[in-house]
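Following: one structure in C-alpha cells, then a few remarks.
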Amino acid sequence: MKSTHPQGSSHTVAGRVLESLAADNMHQQWLLLAACFWVIFMFMVASKFITLTFKDPDGYSAKQEFLFLTTVPEAGKSREEKPFAEDPKPTGRMPPAAPLVYMERLELIRNVCRDEALRNLSHTAVSKFVLDRIFVCDKHKILFCQTPKVGNTQWKKVLIVLNGAFPSIEEIPENVVHDHEKNGLPRLSSFSKVGIEKRLKTYFKFFIVRDPFERLISAFKDKFVHNPRFEPWYRHEIAPGIIRKYRKNRTETRGIQFEDFVRYLGDPNHRWLDLQFGDHIIHWVTYVELCAPCEIKYSVIGHHETLEEDAPYILREAGIDHLVSYPTIPPGITVYNRTKVERYFLGISKRDIRRLYARFEGDFKLFGYQKPDFLLN
C-alpha cells in the first residue's frame, strides 16, 4: 500500500508559499496605496498654499501679502498681527507707494513747523485738551483727532463700528454718535501716560481739515443759526456773552451776527471768554489747538474738499477698508464755496478780518490754504 503523505505535504508547503507571496504582494499594494495617498495629500496642501499666496490681487489677502513682501510701514497693514508692546516704528512716515499729494501735505506741515516766524501759530502743548480730542480704536490701532465742522460725525460712526459698539453705520442712532457714555469711543486722555505715549508712537493717526474761514462759517450757522441738535447754551449763554463784549452798536437787539463772532475770534484777548465757554469752543478753535500737528506725527491729513478721494485712501492706509466704508458723500457738499465765504465777510471791516486771519494763519499755512482774495486788496 502506497503512502500519500509526501504528496499532501508538498501541497501544504506550496500553499504556504503562495499565501506568503500573496501576503507580501498585498503588503506592497497597501504601501503603494498609502504612498499615493501621501502624494495626493501633499499636492493638495501645496495647491492650497499657492492659492492663498497668489490670490486675486483685488482681494484683501492679496493686499496683505503684497504689503508684507514690500515691507510697507505699519500704517498700511493689519493691526492685529503683533502684541501691543511689539508694534513697529511710528506711522508718521508715508509708504513709498503713497500718492504724492499725501506726502506733500505731510512735508508741508514739517516745513511750516520748522518756521520760527510761525512758531506761536503752529505749535501747542499736547495737553489734556488735545488728548480729549483724540478718539481711540485699540482693536485696529487707530487714533482720530476730532476737528468739528469737517465731517467728523461720519468718521465717529466709522470708529464706533470698528470698536464693535454697533454692527453697521446704518444702525447707529444719531443721538448716540456724540454721546460719549454710549458710543464706545474712548478718548486718548483716559489712558495712562505710558499708554498714551505708546499709542501716539505706534498707532495710525489722522484728522481732516477744510478751509479755515469756511469752517468758521459752518460753525456759526450750525451753533447760532440753525442749531439742529437743540443745544440751547450756544444761543442763550455763549451768544449773549459775545454780544455784550464785541457788539459796537449797543442798541442793536438782533441775535448774534457773524460780525460779532469774527470780532470775538480775532481778539488777541479772546481766551478769557474761551475759559467761560469751556469745551464748546472746539467748534471754532484752530486745528493747531485741537490736534497739535507739529507735536504729533500724523500718518495722513485728509482734506474736506477732496474727501471723495481721501476717505477711501485713509481706510486703506489704516487697513480697515475691508471692514467698513465711509458713508456716501452727497454730491457737491465738500466743494469749497468761495461765493458763500465772500458773502459772509462782506461788510466786515478789513481790520477785523485781518485780526481773524492773524489768529488762523497757522492753519492756512500748515495745510496749504490760500489767503482769501478779499484780504489781498
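Side chains are part of it too, since the values below use all heavy atoms of this structure and drop only hydrogens, waters and symmetry mates.
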Which is it for V341 and F374 under the side-chain contact (heavy atoms from CB on, under 4.5 Å) test, yes or no, and what are the steps along the way?
CA-CA 10 Å; V341 173; F374 49 81; 4.0 Å; yes
Check: D310/T306 side-chain N/O donor and acceptor closer than 3.5 Å:
yes
Would you say N152 and F144 make side-chain contact, with heavy atoms under 4.5 Å?
yes
Keeping R210 on the side-chain end and K149 on the backbone end, is there a donor-acceptor pair under 3.5 Å?
yes
Heavy-atom pair with the smallest gap, counting every atom of A292 and V130
CB-CG1, 4.2 Å
Give a yes or no on whether the ring-centroid distance for Y203 and H140 is below 6.0 angstrom.
no
For L200, is there any backbone N or O sitting under 3.5 Å from a side-chain donor or acceptor partner on K205?
yes
Roughly how far, to the nearest 0.5 Å, is CG of L108 from CE of M103?
14.0 Å
Decide yes or no for I238 and K223: does some side-chain heavy atom of the first lie under 4.5 Å from some side-chain heavy atom of the second?
no
Distance-only side-chain donor-acceptor flag, E171 / S168, under 3.5 Å:
yes
Enter the distance from H283:NE2 to Y234:OH here, rounded to the nearest 0.5 Å.
3.0 Å
Summary of salt bridge (charged side-chain N to carboxylate O under 4.0 Å, His left out) pairs that have at least one residue in residues 232-249, sequence neighbours excluded
R247-D260
Determine, stepwise, if the pair F367 / F207 fulfils ring-ring contact (aromatic ring centres under 6.0 Å, His included).
CA-CA 12 Å; F367 306 107; F207 67 93; 5.8 Å; yes
Are any non-hydrogen side-chain atoms of P148 and L290 less than 4.5 angstrom apart?
yes
Heavy-atom count check: over 12 atoms from other residues, nucleotides or ligands less than 6.0 Å from K182 NZ?
no
Heavy atoms, side chains only, cut-off 4.5 Å: are L185 and V136 in contact?
no
In this structure, are over 12 heavy atoms from other groups packed under 6.0 Å from N249 atom CG?
yes
From CA spacing to verdict: side-chain contact (heavy atoms from CB on, under 4.5 Å), I282, Q146
CA-CA 9 Å; I282 65 172; Q146 177 188 23; 4.3 Å; yes
Are the side chain of R215 and the backbone of D211 linked by a donor-acceptor contact shorter than 3.5 Å?
no
Where do Y102 and I301 land on the side-chain contact (heavy atoms from CB on, under 4.5 Å) test, with the steps shown first?
CA-CA 7 Å; Y102 301 105; I301 304 298; over 6 Å; no
Nearest heavy atoms of I243 and R254, plus distance in Å:
CD1-O, 4.2 Å
Any sub-3.5 Å donor-acceptor pair from E214's side-chain atoms to P212's backbone N or O?
no
Is a side-chain donor or acceptor of T147 paired with a backbone partner of I208 at a separation under 3.5 angstrom?
yes
Nearest 0.5 Å, what's the SG-CG distance between C137 and L162?
5.0 Å
Checking R359 side chain against G266 main chain: does a donor-acceptor pair fall under 3.5 Å?
no
Taking the side chain as every heavy atom from C-beta outward, state whether F129 and D279 have any pair of such atoms under 4.5 Å apart.
yes
Do E308 and T334 have side-chain N/O donor and acceptor atoms under 3.5 Å apart?
yes
Cation-pi check, R338 onto Y336 ring (under 6.0 Å, within 45° of axis):
no
If you measure from NE2 on H236 to CG on N227, what distance do you get to the nearest 0.5 Å?
8.5 Å
Might you point out which heavy atoms bring I172 and V177 nearest each other, and give the distance in Å?
CG2-CG2, 3.8 Å
Determine whether the aromatic ring centres of F261 and W284 lie less than 6.0 Å apart.
yes
Minimal non-hydrogen separation, S122 against V112, with atom names
OG-O, 4.1 Å
Going from CG on L159 to NZ on K139, what distance comes out if it is rounded to the nearest 0.5 angstrom?
13.0 Å
Are Y369 and D363 linked by a side-chain donor-acceptor pair shorter than 3.5 Å?
no
Determine whether W155 and V150 satisfy the following criterion, side-chain contact (heavy atoms from CB on, under 4.5 Å), listing intermediate values before the conclusion.
CA-CA 10 Å; W155 284 111; V150 192; over 6 Å; no
So which atom in D115 and which in A117 form the shortest heavy-atom distance, rounded to 0.1 Å?
OD1-N, 2.9 Å
Are the ring centres of F345 and F258 closer than 6.0 Å?
yes
Quick one about R187 and H180 (side-chain donor to acceptor, distance below 3.5 Å, no hydrogens or angles considered), yes or no?
yes
Could you tell me if the side chain of L121 sits less than 4.5 Å from the side chain of F360, heavy atoms only?
no
Answer yes or no on whether K371 is positioned over the face of Y357, meaning its NZ or CZ is under 6.0 Å from the six-membered ring centre and within 45° of the axis.
yes
Without placing hydrogens or testing angles, list every side-chain donor-acceptor pair under 3.5 Å for residues 271-278, not counting sequence neighbours.
| residue | atom | partner | partner atom | Å |
| --- | --- | --- | --- | --- |
| R271 | NH1 | E289 | OE2 | 3.4 |
| D274 | OD1 | Y264 | OH | 2.5 |
| D274 | OD2 | H270 | ND1 | 2.7 |

For I333, does the CD1 atom sit with more than 12 other heavy atoms under 6.0 Å from it, leaving out its own atoms?
no
Give a yes or no on whether the backbone of C291 and the side-chain of Y298 come within a donor-acceptor separation of less than 3.5 Å.
yes
Salt-bridge criterion met for D321 and R316 (N-O under 4.0 Å)
no
Which atom of L307 lies closest to which atom of P312, heavy atoms considered:
O-CD, 3.9 Å
Any side-chain heavy-atom pair from L143 and F204 closer than 4.5 angstrom?
no
Euclidean distance, L315 CG relative to I320 CD1, rounded to 0.5 Å:
5.0 Å
Side chains of E361 and L118: closer than 4.5 Å at any heavy-atom pair?
yes
Does the pair F213 and F364 meet the rule for a ring-ring contact (aromatic ring centres under 6.0 Å, His included), with working shown?
CA-CA 9 Å; F213 278 5; F364 277 93; 5.1 Å; yes
